[in-house]
Amino acid sequence: MTTPTKTNNRLGVTLTGTPESGQQVTVEREDTLRKLFGTNIPEVAEGLLRHCFKVLKGDEITDELSGNDERMFIVAAVAEIKPRDGVERMLAVQMAATHVAMVRAGRRMAHAENLAQVQAHTNGYTKLARTYTAQMEALRKHRNGGKQTVTVQHVTVEGGGQAIVGNVQTGEGRT
């Protein structure tokens, strides 16, 4: 007998099933998935949930191997990012999928038995880590409108020097 993934009270969703029987999703409230994915459109929330499952291997979406089950993690990871719009929703799913793939590659790297395997898995792991970093940067830029923010924590002005506090722009307005 299999034990279904328990309801996570914070997420309000229960995920059960196997690749053969299909996935069953039970939600505490009608708007649970929409809130998790940050959308008012049910079809978008349901589609993104399916996308979360599609990137997982069969042994990662089954009640039969609860120690390997990644369903709740991938949904929780997307919810943790708190996507604000369509771009962020899709990027959040990609980031969660990339993270799972990176952990998978790390596991393979750790269990490699010869140099060729170590090199292949290290290469894959490195590419996934770089991809994840690029995804985080894309999310940051999207949220900040492409603007970078620099915060100065400590400024020392020596004798005879001057300090300016505020936005400084040069080259504009000169004739």
Q: Do the side chain of Gln24 and the main chain of Gly22 share a donor and acceptor less than 3.5 angstrom apart?
A: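 Side chain of Gln24 to backbone of Gly22: a pair is present.
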Q: Following the transitive rule for hydrophobic clusters with a side-chain heavy-atom cut-off under 4.5 Å over Ile, Leu, Val, Met, Phe, Trp and Tyr, establish whether Val103 and Met72 coincide in one cluster.
A: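 Different clusters.
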Q: To the nearest 0.5 Å, what is the distance between CG (Asn144) and CZ (Arg140)?
A: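 Result: 5.5 Å between the selected atoms.
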Q: With side-chain contact (heavy atoms from CB on, under 4.5 Å) as the test, would you mind laying out the steps for His142 and Arg84 before giving the verdict?
A: CA-CA 10 Å; His142 180 74; Arg84 301 173 187 168; over 6 Å; no
Q: Which heavy atom in Gly58 sits nearest to a heavy atom in Pro19, and how many Å separate them?
A: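 For Gly58 and Pro19, the tightest heavy-atom pair comes out as O-CG, 3.3 Å.
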Q: Among Asp69, Asn68, Val100, Thr62, exactly one meets side chain to side chain contact (heavy atoms under 4.5 Å, CB included) together with Leu56. Which residue is that?
A: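 Answer to the side chain to side chain contact (heavy atoms under 4.5 Å, CB included) test with Leu56 among Asp69, Asn68, Val100, Thr62: Val100.
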Q: If we only count heavy atoms from C-beta on, is the Arg108 to Tyr125 side-chain gap below 4.5 Å?
A: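 Result no, sub-4.5 Å side-chain heavy-atom pair not found.
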Q: Heavy-atom distance under 4.5 Å between the side chains of Val25 and Phe53, does that happen here?
A: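 Side chain of Val25 against side chain of Phe53, heavy atoms only: contact under 4.5 Å found.
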Q: Hey, quick one: are Val55 and Leu33 part of the same hydrophobic cluster, counting side-chain heavy atoms closer than 4.5 Å, chains of contacts allowed?
A: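 Looking at the clustering, Leu33 is in the same group as Val55.
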Q: Hey, are the side chains of Val75 and Leu49 touching, using non-hydrogen atoms and a 4.5 Å cut-off?
A: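 Of all side-chain heavy-atom pairs linking Leu49 with Val75, at least one is under 4.5 Å.
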Q: Consider only side-chain heavy atoms of I, L, V, M, F, W and Y, link residues closer than 4.5 Å, and tell whether Met95 and Val44 are in one cluster.
A: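 Different clusters.
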Q: Find out whether Gln119 and Thr122 are in side-chain contact, i.e. whether some heavy atom of one side chain is under 4.5 Å from a heavy atom of the other.
A: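 No. Closest side-chain heavy atoms not under 4.5 Å.
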Q: Check whether Asp63 reaches the backbone of Gly17 with its side chain - one donor and one acceptor, N or O, closer than 3.5 Å.
A: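 Answer holds: yes.
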Q: Consider only side-chain heavy atoms of I, L, V, M, F, W and Y, link residues closer than 4.5 Å, and tell whether Val78 and Val27 are in one cluster.
A: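 Yes.
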Q: Quick check: do Ile61 and Glu70 have side-chain heavy atoms less than 4.5 Å from each other?
A: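 Counting from C-beta outward, Ile61 and Glu70 never come under 4.5 Å.
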Q: Using side-chain contact (heavy atoms from CB on, under 4.5 Å), reason through Phe37 and Cys52 one step at a time and then give a plain yes or no.
A: CA-CA 11 Å; Phe37 289 104; Cys52 286; 4.2 Å; yes
Q: Is Val13 close to Thr26 at the side-chain level, that is, under 4.5 Å between some pair of heavy atoms?
A: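 No - every pair of side-chain heavy atoms lies 4.5 Å or more apart.
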Q: Would you say that Leu139 contacts Ile81 through its side chain, given a criterion of any heavy-atom pair below 4.5 Å between the two side chains?
A: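 Yes. Closest side-chain heavy atoms under 4.5 Å.
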Q: Donor-acceptor pair, His111 side chain versus Arg107 backbone, under 3.5 Å?
A: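 Flag set: sc His111 to bb Arg107 pair under 3.5 Å.
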Q: Any side-chain to backbone donor/acceptor pair from Gln23 onto Leu15? Under 3.5 Å, distance only.
A: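 No, the answer is negative, given that no donor and acceptor are paired below the 3.5 Å cut-off.
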Q: For the atom pair CZ (Arg89) and CG (Leu36), what is the distance rounded to the nearest 0.5 Å?
A: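 The CG atom of Leu36 is 12.5 Å from CZ of Arg89, to the nearest 0.5 Å.
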Q: Return yes if some donor-acceptor pair links the side-chain N/O of Glu60 with the main-chain N/O of Lys57 below 3.5 Å, else return no.
A: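 Here the side-chain-to-backbone pair exists.
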Q: Which distance, rounded to the nearest 0.5 Å, do you find between the CE of Met102 and the CE of Met109?
A: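 Answer for the CE-CE pair, Met102 versus Met109, is 10.0 Å.
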Q: Shared ILVMFWY cluster between Met136 and Leu128, side chains joined below 4.5 angstrom?
A: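 In one cluster: no.
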Q: Working to the nearest 0.5 angstrom, can you tell me the gap between Thr98 OG1 and Arg130 CZ?
A: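 Answer rounded to 0.5 Å: 14.5 Å.
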Q: For Glu30, does the CD atom sit with more than 12 other heavy atoms under 6.0 Å from it, leaving out its own atoms?
A: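 Open: at most 12 neighbouring heavy atoms sit under 6.0 Å from CD of Glu30.
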Q: Taking atom CG of Leu91 and atom CG of Asp85, what is their separation to the nearest 0.5 Å?
A: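 The CG atom of Leu91 sits 10.0 Å away from the CG atom of Asp85.
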Q: Determine yes or no for a side-chain-to-main-chain donor-acceptor pair under 3.5 angstrom, with Arg34 supplying the side chain and Ala45 the backbone.
A: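 Not at all, since once roles are kept as given, no pair shorter than 3.5 Å links the two residues.
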Q: Is any side-chain heavy atom of Glu88 closer than 4.5 Å to one of Lys82?
A: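 Not in contact.
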Q: How far does OG1 of Thr14 sit from CD of Glu28, to the nearest 0.5 angstrom?
A: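 Rounded to the nearest 0.5 Å, the OG1-CD separation comes to 7.0 Å.
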